[in-house]
Amino acid sequence: MIAMSRANAVSQAFLLWRHRDRSGMNGHFLDTEQSVVAGQQVTEEELDEIVELLEHRGLVKGPRSLDGRPGDPGTLTSDGVICVVDHGADVQKWNESRAMSYSNQSVNVTGNSNQVVGHSTNVNLSQSNTLDNVHTLRDAAQQALAGLDTYEIDKDEAADVRAVAEQVLAESANDEIGPGRIAKLARKLSSALMLFFGTTVGTDFAQKIIDSLLPLVGLAG
């Protein structure tokens, strides 16, 4: 499995190359200077894994080969172009920007204290009740810790996820925690969960938790 830091760097290099070369087969990337990332040549196996991850995140698309390899050529989607143009092909910055844009779409529903937060293809209703928010936050932290036993990630990155999740659990043990602090902890935990994005199954796991945290990210202090 490719480490998250390596995955981000290779993804960035591939997206920048693909933005310039719209039609070349994926393998052509390996013959370019851009395929040497942090002084290390990208391998064919790494490239396949990265293209599959980018496909899964909706940044590239392409026809699948008969042997199940990722789309080739993997061309940029509209989100992929935005990632390159607006975020320098930095997938992590693109994802963080997307999360913040979701939180900014929240509106209050007249007649009650519910908050509507729209994202992806569904709408999550998040009660502004502090106890509910704390429960959501703690549940996400507990799921993150459980994921460390299921999804293989780099040892140092696992330590980072564990540290953040344990901080969330410690600080949220007090039900009097304010909405502003809940929002900060939700953002911090969401960023830590991105360390699971080194594999497709890890991405699925982490994205579901990050989506559950989105209503908390926009809470006012």
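Heads up: numbering here begins at 1 and tracks the sequence. Treat the numbers as computed from the prediction; the structure is a model and nothing was measured.
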Next on the checklist: Pair Leu213, Leu193 - check side chain to side chain contact (heavy atoms under 4.5 Å, CB included), show working.
Outcome noted: CA-CA 11 Å; Leu213 291 170; Leu193 284 163; 4.1 Å; yes
Next on the checklist: Is there a side-chain hydrogen bond (donor to acceptor under 3.5 Å, both in side chains) between Gln143 and Lys208? Walk through the geometry before answering.
Outcome noted: CA-CA 10 Å; Gln143 289 184 61; Lys208 288 177 182 178; over 6 Å; no
Checklist entry - Between Leu47 and Phe29, is a side chain to side chain contact (heavy atoms under 4.5 Å, CB included) present by the stated rule, with each step listed? => result CA-CA 9 Å; Leu47 179 59; Phe29 169 72; 3.9 Å; yes
Next on the checklist: Working note: Asp90 + Asn8, criterion side chain to side chain contact (heavy atoms under 4.5 Å, CB included); need CA distance, chi angles, decisive distance, verdict.
Outcome noted: CA-CA 7 Å; Asp90 188 318; Asn8 282 336; 5.7 Å; no
Item to check | side chain to side chain contact (heavy atoms under 4.5 Å, CB included) between Thr136 and Ile182, worked out | outcome: CA-CA 10 Å; Thr136 298; Ile182 291 175; over 6 Å; no
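For the atom pair CD (Glu49) and OG1 (Thr43), the distance works out to 8.5 Å, reported to the nearest 0.5 Å. A distance of 13.0 Å separates CG of Asp160 from NZ of Lys155, quoted to the nearest 0.5 Å. Leu214 CG to Arg187 CZ: the interatomic distance, rounded to the nearest 0.5 Å, is 11.5 Å. Atoms CG and CG, from Asp156 and Asp154 in turn, are 5.0 Å apart once rounded to the nearest 0.5 Å. Interatomic distance, Cys83 SG to Gln92 CD, rounded to the nearest 0.5 Å: 11.0 Å.
At least one donor-acceptor pair closer than 3.5 Å links the side chain of Arg18 to the backbone N or O of Asp21. Panel note: side chain Ser172, backbone Val134; no donor-acceptor pair is recorded below 3.5 Å. Put simply, the side chain of Arg138 never gets that close to the backbone of Asn133: no donor and acceptor are under 3.5 Å apart. When atom types are taken as modelled, the side chain of Arg22 and the backbone of Thr75 share no donor-acceptor pair closer than 3.5 angstrom.
Of the options Gln40, His28, Gln41, a side chain to side chain donor-acceptor pair (under 3.5 Å) to Ser35 is made by Gln41 and by none of the others. When each of Val51, Ile82, Val91 is checked for a side-chain contact (heavy atoms from CB on, under 4.5 Å) with Leu59, only Val91 meets the rule.
Across every non-hydrogen atom of Ala144 and Ile209, the tightest pair is N-CD1, 4.1 Å. Contact record, Leu30 with Glu44: CD1-CA, 4.0 Å, taken as the closest heavy-atom pair. The two atoms that bring Val37 and Ala9 nearest to each other are CG1-CB, 3.5 Å, heavy atoms only. When all heavy atoms of Glu157 and Ser5 are compared, the closest pair comes out as OE2-N, 3.4 Å. Listed here is the closest heavy atom pair of Gly74 and Asn26: N-OD1, 2.9 Å.
Note on Val85 and Phe14: same hydrophobic cluster, where clusters join Ile, Leu, Val, Met, Phe, Trp and Tyr whose side-chain heavy atoms are under 4.5 Å apart, directly or indirectly.
Side-chain contact between Asp72 and Pro63 is absent, with no heavy-atom pair separated by less than 4.5 Å. Side-chain contact between Leu15 and Leu76 is present, with at least one heavy-atom pair separated by less than 4.5 Å. In this structure, the side chains of Leu53 and Phe197 stay at 4.5 Å or more apart for every pair of heavy atoms. The shortest side-chain heavy-atom distance between Gln12 and Leu16 falls under the 4.5 Å cut-off. Using a 4.5 Å heavy-atom cutoff, the side chains of Leu137 and Val168 are in contact. At a threshold of 4.5 Å between non-hydrogen side-chain atoms, the residues Leu185 and Ile177 count as touching. Taking 4.5 Å as the limit, some side-chain heavy atom of Ile210 sits within range of a side-chain heavy atom of Gln207. Looking at heavy atoms from C-beta onward, Phe196 lies out of side-chain contact with Thr203 at the 4.5 angstrom threshold.
Salt bridge Glu171/Arg181: present, at least one basic N to carboxylate O contact under 4.0 Å.
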